[in-house]
Amino acid sequence: MPEKNEELVRRPALNLRTILYAIAFVLIFSLTCVELGLVSEQLHKYGDDYSNYGSKQYKHILGLLLFSVIVSLLVMLSHPFVGVPFITVCSFILAVFFGTAAGVIWQNTGLFWKGTGCRPAESIPENWRPFARECGRVVTIQAVAWSLFGLYILLFVGTLIHKLKIRARPTPEGFYYNV
């Protein structure tokens, strides 16, 4: 038992949950940095004029991704100082943002066939032809956004399980049947 003047030193518990949280936060931080680089490169390369993009929707989705990446970095850098409920809400919101962005890129860019990769340059719609060389980057932006969506969903479920204290509990005898 510590003396009155002595402070309690809290040591982090090393168990499966803390290891999974650490892995999740490292992966989310790393993928967020990758997405920041890819999205900012597209925005700097094509500028602020709508005519430089395949569609207005693509430019706006890049803006949504940039906002999501900045918020994600702020949440990841401040997560040791905020509570689990804040992380739960932020992970749900960011999962929605990243999932929306990835889904819109998958659905509305004219660069790739659904599920088979990049189209040949001659079969790409006219407004997307200047992006034919960028197909790999656009697919990478989409893939990283889907990955962040999945990780944030897992983080959301994990923090909900932690906060709501969902555990396997034994069934009391006689509850479902007579003994």
Side-chain angles (χ1 to χ4, degrees), residues 12-50 52-112 114-115 117-118 128 130-131 133-164 166:
L14 191 61
N15 55 24
L16 181 64
R17 185 178 68 208
T18 57
I19 292 170
L20 289 176
Y21 278 157
I23 290 170
F25 281 110
V26 166
L27 279 173
I28 289 172
F29 182 79
S30 302
L31 287 172
T32 301
C33 291
V34 168
E35 191 80 343
L36 176 63
L38 291 167
V39 169
S40 62
E41 186 266 339
Q42 289 284 300
L43 289 170
H44 284 283
K45 187 174 188 176
Y46 295 107
D48 200 29
D49 191 13
Y50 287 118
N52 296 337
Y53 294 90
S55 68
K56 289 181 181 180
Q57 193 173 31
Y58 179 65
K59 183 183 182 315
H60 290 300
I61 285 301
L62 288 177
L64 175 67
L65 279 171
L66 184 64
F67 172 77
S68 302
V69 163
I70 291 169
V71 171
S72 179
L73 284 174
L74 289 173
V75 168
M76 288 301 110
L77 293 175
S78 66
H79 87 270
F81 311 108
V82 297
V84 175
F86 180 77
I87 296 296
T88 304
V89 170
C90 287
S91 62
F92 177 73
I93 292 169
L94 287 167
V96 169
F97 284 173
F98 283 116
T100 300
V104 169
I105 290 173
W106 179 78
Q107 187 66 33
N108 295 321
T109 56
L111 295 176
F112 41 89
K114 305 298 185 250
C118 297
W128 286 98
F131 286 88
R133 298 179 322 270
E134 300 288 325
C135 183
R137 282 208 174 97
V138 174
V139 170
T140 305
I141 289 171
Q142 175 195 354
V144 172
W146 279 125
S147 300
L148 285 166
F149 167 73
L151 283 169
Y152 272 115
I153 288 293
L154 290 176
L155 184 62
F156 173 68
V157 170
T159 54
L160 269 181
I161 289 171
H162 170 72
K163 195 62 187 165
L164 299 177
I166 299 172

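Sequence positions, counted from 1, serve as the residue numbers for this chain. In this text, all values refer to a predicted model and were calculated from it rather than measured experimentally.
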Separation of Ser147 OG from Glu35 CD (nearest 0.5 Å): 9.0 Å

- prompt: Nearest 0.5 Å, what's the CZ-CD distance between Arg137 and Gln142?
  reply: 16.0 Å

- prompt: Looking at Leu31, Val69, Leu64, Ile153, which hits side-chain contact (heavy atoms from CB on, under 4.5 Å) with Phe98?
  reply: Val69

message: Using a 3.5 Å distance criterion without hydrogens, assess whether the side chain of Tyr46 forms a donor-acceptor pair with backbone atoms of Gly54.
response: no

field: More than 12 heavy atoms of other groups within 6.0 Å of Lys56 NZ
entry: no

query: For the residue pair Ala95 and Tyr152, what are the closest heavy atoms and their distance?
result: CB-CB, 3.7 Å

Ile87 side chain reached by Phe25 side chain, heavy atoms, under 4.5 Å: yes

task: Check whether any side-chain heavy atom of Leu73 lies under 4.5 Å from a side-chain heavy atom of Cys33, and answer yes or no.
output: yes

field: Spacing of OG1 belonging to Thr88 relative to NZ belonging to Lys163, to within rounding of 0.5 Å
entry: 8.0 Å

field: Non-hydrogen atoms of Phe97 and Ser68 that approach each other most closely
entry: CB-OG, 3.2 Å

field: Over 12 non-hydrogen atoms of neighbours within 6.0 angstrom of OH in Tyr21
entry: yes

message: Nearest 0.5 angstrom please: Leu62 CG to Phe67 CZ, how far?
response: 15.5 Å

task: Carefully, step by step, assess Leu36 and Leu65 under the rule side chain to side chain contact (heavy atoms under 4.5 Å, CB included).
output: CA-CA 8 Å; Leu36 176 63; Leu65 279 171; over 6 Å; no

query: Are any non-hydrogen side-chain atoms of Ser55 and Trp128 less than 4.5 angstrom apart?
result: yes

- request: Calculate, to the nearest 0.5 Å, the distance between atoms CD and CD1 belonging to Gln42 and Ile141 respectively.
  value: 4.5 Å

Non-hydrogen side-chain atoms of Ile28 and Leu94 separated by less than 4.5 Å: no

- prompt: Does some side-chain heavy atom of Val96 sit less than 4.5 Å from a side-chain heavy atom of Phe149?
  reply: no

- prompt: What's the spacing between Ile61 CD1 and Leu66 CG if we round to 0.5 Å?
  reply: 12.5 Å

query: In terms of ring plane angle, is the pair Tyr53 and Tyr58 parallel, tilted or perpendicular, where the classes change at 30° and 60°?
result: tilted

- prompt: Quick one: does Asp48's side chain get under 4.5 Å of Lys59's, heavy atoms only?
  reply: yes

- prompt: When the ring planes of His60 and Tyr50 are compared, do they come out parallel, tilted or perpendicular, using 30° and 60° as the limits?
  reply: tilted

